[in-house]
Amino acid sequence: MIFLKMAGVIFVVIGVILLPFGILQFKKEWKAYRKFSPKTQKVFVLIEIFDVLSGVPILSTWLMYLSAFCIVMGVIMITTH
């Protein structure tokens, strides 16, 4: 039981460490979109919105999803055991 709680704490720590990197990656992608025409920017915005809402990370949000997954799994492991 104590092993599962320790594993949960490790998952939470990893998730918290990965979160800023995911946010930085997302911001970097947004800066890259400014180089395109307004119509292309709108398409990229729609794709990013779909990426965030779909739950299937395909573009710049994959690291944020990994962080959230680690945090949620860690909390579940801590609270259930």
Side-chain angles (χ1 to χ4, degrees):
M1 292 293 188
I2 205 82
F3 173 75
L4 292 175
K5 285 191 179 198
M6 289 299 291
V9 169
I10 291 170
F11 271 120
V12 170
V13 169
I14 290 171
V16 168
I17 290 171
L18 287 177
L19 186 60
F21 294 111
I23 292 170
L24 288 175
Q25 181 179 0
F26 186 71
K27 284 183 177 182
K28 185 176 82 174
E29 290 291 324
W30 276 105
K31 286 180 184 177
Y33 294 154
R34 291 185 182 165
K35 298 176 185 176
F36 298 110
S37 69
K39 288 182 181 181
T40 309
Q41 287 177 356
K42 290 177 186 176
V43 171
F44 279 119
V45 167
L46 290 174
I47 291 172
E48 285 289 347
I49 291 170
F50 176 74
D51 189 33
V52 169
L53 296 177
S54 70
V56 182
I58 54 176
L59 294 174
S60 61
T61 58
W62 69 272
L63 199 53
M64 288 190 290
Y65 277 107
L66 182 62
S67 172
F69 176 76
C70 287
I71 292 171
V72 169
M73 289 306 294
V75 169
I76 289 171
M77 290 175 82
I78 291 169
T79 57
T80 59
H81 297 287

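Every heavy atom of this structure was used, including side-chain atoms; hydrogens, water molecules and symmetry mates were not.
For the atom pair NZ of Lys5 and OG1 of Thr80, the computed distance is 9.0 Å after rounding to the nearest 0.5 Å. Of the inter-residue distances, the one linking Lys31 atom NZ with Lys28 atom NZ reads 10.5 Å to the nearest 0.5 angstrom. A distance of 9.5 Å separates CE in Met6 from CD1 in Ile78, rounded to the nearest 0.5 Å.
Each of Phe3 and Ile10 belongs to its own hydrophobic cluster when Ile, Leu, Val, Met, Phe, Trp and Tyr are linked at side-chain heavy-atom distances under 4.5 angstrom. Residues Leu63 and Phe11 are members of separate hydrophobic clusters, defined by side-chain heavy-atom contacts under 4.5 angstrom among Ile, Leu, Val, Met, Phe, Trp and Tyr. A continuous path of ILVMFWY side-chain contacts below 4.5 Å connects Ile14 to Val9, so both sit in one hydrophobic cluster. By the rule that hydrophobic residues join a cluster once side-chain heavy atoms approach within less than 4.5 Å of another member, Leu66 and Leu24 end up as members of separate clusters. Clustering ILVMFWY residues whenever any of their side-chain heavy atoms sit less than 4.5 angstrom apart, transitively, puts Met64 in the very cluster that holds Phe44.
Heavy atoms of other residues, nucleotides or ligands lying less than 6.0 angstrom from CG of Leu46 number more than 12.
By the ring-ring contact (aromatic ring centres under 6.0 Å, His included) test, Phe69 pairs with no residue at all, sequence neighbours left out.
With Ser67 as reference, Leu19 is the one residue of Leu19, Val16, Val72, Ile23 to meet the side-chain contact (heavy atoms from CB on, under 4.5 Å) rule.
For the residue pair Val12 and Val75, the shortest heavy atom distance occurs at CG2-N, 3.8 Å. Closest approach of Phe36 to Gln41, counting heavy atoms only: O-NE2, 3.2 Å. Closest of all the heavy-atom pairs between Gly8 and Met77 is CA-CB, 3.9 Å.
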